[in-house]
Participant: 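Handing you a structure now.
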Amino acid sequence: MTRPERRLPTNRELADLFQTIADYLAFDGATVYRVLAYEKAAETFREHALSVAEMARQGNLRSLPGIGETTEKKVAEYLETGTVGLLETLRARYPEGVLELMRLPGVGPKKARKLWEALGVADLATLEVAAEEGRVRDVPGMGVRTEQNLLAAMAARERRSGRQLLGVVEPQAWALVEALRSHQAIEATDYAGSLRRRRSTVRDIDLVVASRDPASVMAFFSARPELASVEQQGPTKLAARTHTELAVDLRVVPPESYGNLLQHFTGSADHNVALRGYAQRLGFKVSEYNVEETATGRRIVCRTEAQVYDTLGLPFIPPELREDRGELEAAREGRLPQLIELSDLRGDLHVHSDWSDGRATIQAMALAARERGLEYVCFCDHSRSLGMGKGLEPEQVLEQTEVIRHAQGEVEGIALLTGSEVDILADGRIDLPDEVLARLDFVTASIHSGFSQPEEQIMKRLAAAMENPNIHAIGHPTGRLLGRRDPYHVDVRGLVELAAKTGTILEINAAYHRLDLSATNARLARDHGVRLAINSDAHSPAGYDLLRFGVGEARRGWVEAGDVVNTLPLKELRSLLGHP
DNA sequence: GCCGTTTTCGGCCCGACTGTTTTCAGTCG
């Protein structure tokens, strides 16, 4: 008997499935820990670098943290039948629209449930009608304020999307931090949260402040012109929203507790849960104010974050690692990675000039690289297939190499390398002939078309490129555009294994809407001994500023300087590339 | 639902703010 071959669900699909079950269970009144278990499974699936469905097939799903017997069975059921019985039961019991209610700020499972039971509110549309007709205020436990807040939340929801790009949010966060630093009652301040952990997208700005005069800090900050509204304000805590629709949270503590506060609000939530569990076993209780010795009640306050970890017998854990992905164990065992720093980068192997779609000349790009302290830069302009006629024909590529050599004669203090960003065409061919590629210092191959091809076809294309001895690297290897386009169907493990076998470098493209490879994929590559390159993909002199985002993503992937080829001195890089 | 050099059962991180209540539940991070 043949079973119909079912397409394996993506990690994202499984994550969404478990998140939906979690939401339904919360609405149903399940214990919070059961709900959390489903949410944790969803998060684990969403972030995992390898195919979760494939792991389930092979029976080793339970090797993932937080995945137990029940979750494993539910995944198997989904693979087998295309659905999960528990979810169908819940769907039969409650309209799916009630889950939307819980996504409104200020509405959790309890309020959503009350609205549904008391008023028959089944989704946002019926809630809006009920609130406008003034019926919400009559629900026990709710009042006029609740009703108004719900209406405001629904109106605001239209304008607000979820997460914003790190590169968009960071400058705004810096502006707020700079403003706070100008206040004389503030002894220290930083942004914390996912921004400090360098997540590629962030939901809000968390600001932490050390001060002996919280009242004046609150008064000062709540009047900042960047804020469109202040939504919550107590003596030491404030929640606001910027004109750019970003949520801002501010917390103030005395300077002697600043380390505790910064640690607490840097998160991640998972890291803190794990850290507190660990602390508890050692006989300590960790809060945002201190570390308390449970037996004696003695409270240890920490001016710095390092002291928090030190009190628990741990070395400082860099924020980028705080995701509960093994950093506590590594810290305990003294094997935390020595993470790469921006200053480790000696060169940039992927920049564009006005020969293709860049906006600056070769000379201007060279000088800008030198200004930033780089020792070498490689021009990888697009080859001919790029749309709008901006790509270079083979003879133009050769002409450009001559121009670069000429420019080298006029610019001192930085080495100019010749290169190309060639297209891997839809049929796997490369759009420049090998004899041209062979004359370049460094060649990156990228996919810019045929994004919707099936995995097999995509992998064939990537394999053809990696097996070409004239191609050194794969550019933005999964093609994702954050918030706009999912990766094409690439088998990351296959990609990494082939890169290891062929010695192909995989790029971490530092443009903040790409960050591709992602941190989890970079970690997988690094664990397989694949060499990485962190490149800006700059299209203008300012584009070099993107490198810091690439370094952040790499650090989140446990990447060390030794994993990254453009930390090498030029001579060693050349010998690695086979151009002594 | 998950998990165990305290445990296979009984825990599971901890505190601030809001709104509706007269002492606290719900939500959030």
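First the proteins, then the strands, lettered A, B, ... as listed; each starts at 1.
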Participant: Determine the Euclidean distance between corresponding P atoms of B/dG1 and B/dT5; express it in Å to zero decimal places.
Facilitator: 23 Å
Participant: Using a cut-off of 4.0 Å on non-hydrogen atoms, how would the nucleic acid contact of A/Leu104 be classed: base, sugar-phosphate, or nothing?
Facilitator: sugar-phosphate
Participant: Is the shortest side-chain N/O distance from A/Thr31 to OP1 or OP2 of B/dG1 below 4.0 Å?
Facilitator: no
Participant: Checking all strands, does A/Asn149 fall into the base, sugar-phosphate, or nothing category for heavy-atom contacts under 4.0 angstrom?
Facilitator: sugar-phosphate
Participant: When rounded to the nearest Å, what value does the distance between P atoms of B/dG11 and B/dT18 take?
Facilitator: 33 Å
Participant: Between P on B/dT5 and OH on A/Tyr278, what's the gap in Å once rounded to a whole number?
Facilitator: 14 Å
Participant: With the side chain of A/Arg281 defined as its heavy atoms from C-beta on, choose the nearest nucleotide among B/dT6, B/dC12, B/dC17.
Facilitator: B/dT6
Participant: Between B/dC12 and B/dT6, how far apart are the two P atoms, rounded to whole Å?
Facilitator: 16 Å
Participant: Can A/Tyr33 be classed as stacking with the base of B/dC12, given a centroid separation cut-off of 5.5 Å and a plane angle cut-off of 30°?
Facilitator: yes
Participant: Which part of the nucleic acid, if any, lies within reach of A/Val107 when heavy atoms closer than 4.0 Å are counted: base, sugar-phosphate only, or nothing?
Facilitator: sugar-phosphate
Participant: Give A/Val144 one of three labels, base, sugar-phosphate or nothing, depending on what nucleic acid heavy atoms sit under 4.0 Å from its own.
Facilitator: sugar-phosphate
Participant: For the pair made of CD in A/Glu39 and P in B/dG29, what is the distance, rounded to whole Å?
Facilitator: 13 Å
Participant: If I pick the C1' atom on B/dT21 and the same atom on B/dC17, what distance separates them, to the nearest angstrom?
Facilitator: 15 Å
Participant: Working to the nearest 0.5 angstrom, can you tell me the gap between A/Gln19 CD and A/Leu14 CG?
Facilitator: 13.0 Å
Participant: Need one value for A/Lys285: base, sugar-phosphate or nothing, where a base atom within 4.0 Å counts as base even if backbone is also close, heavy atoms only.
Facilitator: sugar-phosphate
Participant: How many Å lie between CZ on A/Phe284 and P on B/dC14, as a whole number?
Facilitator: 14 Å
Participant: Would you please confirm or rule out a distance under 4.0 Å between OP1 or OP2 of B/dT20 and any side-chain N or O of A/Thr146?
Facilitator: yes
Participant: Which part of the nucleic acid does A/Val286 contact within heavy-atom distance under 4.0 Å: base, sugar-phosphate only, or nothing?
Facilitator: sugar-phosphate
Participant: Could you check which of B/dT18, B/dG29, B/dG1 has an atom nearest any side-chain atom of A/His264?
Facilitator: B/dG29
Participant: Taking atom C1' in both B/dC9 and B/dA16, what distance in whole Å separates the two?
Facilitator: 33 Å
Participant: Specify the residue among A/Glu147 and A/Thr236 whose closest nucleotide of DNA chain B lies further upstream toward the 5′ end.
Facilitator: A/Thr236
Participant: Are there over 12 heavy-atom neighbours, none belonging to A/Arg332, within less than 6.0 Å of that residue's CZ?
Facilitator: yes
Participant: Compare the minimum distances between each of B/dA16, B/dC14, B/dT27 and the side chain of A/Gln280, then state the nucleotide with the smallest one.
Facilitator: B/dC14
Participant: Is there a donor-acceptor contact under 3.5 Å from the side chain of A/Asn260 to the main chain of A/Gln263?
Facilitator: no
Participant: Please measure how far the P atom in B/dT22 lies from the corresponding atom in B/dG26, and state the result in whole Å.
Facilitator: 13 Å
Participant: Whole-Å distance between B/dG19 P and A/Gln148 CD?
Facilitator: 10 Å
Participant: Starting from C1' on B/dG29, measure out to OH on A/Tyr289 and report it in whole angstrom.
Facilitator: 12 Å
Participant: Paired with B/dT8 by Watson-Crick or G-U wobble geometry, both distances under 3.5 Å: which nucleotide is it?
Facilitator: none
Participant: Using the P atom as the point on both nucleotides, what is the distance between B/dG4 and B/dT8, in whole Å?
Facilitator: 13 Å
Participant: Given B/dC17, B/dG15, B/dT20, identify the nucleotide with an atom nearest to the side chain of A/Glu288.
Facilitator: B/dG15
Participant: For the side chain of A/Lys110, starting at C-beta, report the closest nucleotide among B/dG1, B/dG15, B/dG26.
Facilitator: B/dG26
Participant: So if I take every side-chain heavy atom of A/Thr70 and compare against B/dA16, B/dT6, B/dG1, which nucleotide ends up nearest?
Facilitator: B/dG1
Participant: Ignoring hydrogens and angles, state whether a donor on the side chain of A/Tyr512 or A/Arg548 is under 3.5 Å from an acceptor on the partner side chain.
Facilitator: no
Participant: A/Lys237 side chain: which of B/dC17, B/dC14, B/dG29 is closest?
Facilitator: B/dC17
Participant: Expressed in angstrom and rounded to an integer, what is the separation of A/Lys40 atom NZ from B/dC12 atom C1'?
Facilitator: 12 Å
Participant: Take the protein atom CE of A/Met142 and the nucleotide atom C1' of B/dT18, then report the distance between them rounded to whole Å.
Facilitator: 14 Å
Participant: Could you verify whether a donor N or O on one side chain and an acceptor N or O on the other, from A/Asp28 and A/Tyr94, lie under 3.5 Å apart?
Facilitator: yes
Participant: Say we look at B/dG15 and B/dG10: how far apart would their C1' atoms be, to the nearest angstrom?
Facilitator: 24 Å
Participant: On DNA chain B, compare the nucleotides closest to A/Arg145 and A/Pro235; which residue's is nearer the 5' end?
Facilitator: A/Pro235
Participant: Tell me the interatomic distance from A/Ile67, atom CD1, to B/dC2, atom P, rounded to whole angstroms.
Facilitator: 7 Å
Participant: Check whether A/Glu327 reaches the backbone of A/Asp324 with its side chain - one donor and one acceptor, N or O, closer than 3.5 Å.
Facilitator: yes
Participant: Report yes if some heavy atom in the side chain of A/Pro109 is under 4.5 Å from a heavy atom in the side chain of A/Met102; otherwise report no.
Facilitator: yes
Participant: Could you give me the CA-CA distance, side-chain angles and deciding distance for A/Asp23 and A/Tyr38, then say whether side chain to side chain donor-acceptor pair (under 3.5 Å) is met?
Facilitator: CA-CA 9 Å; A/Asp23 291 346; A/Tyr38 278 93; over 6 Å; no
Participant: Measuring from the side chain of A/Lys111 (C-beta onward, heavy atoms only), which nucleotide among B/dC2, B/dC14, B/dG26 has the closest atom?
Facilitator: B/dG26
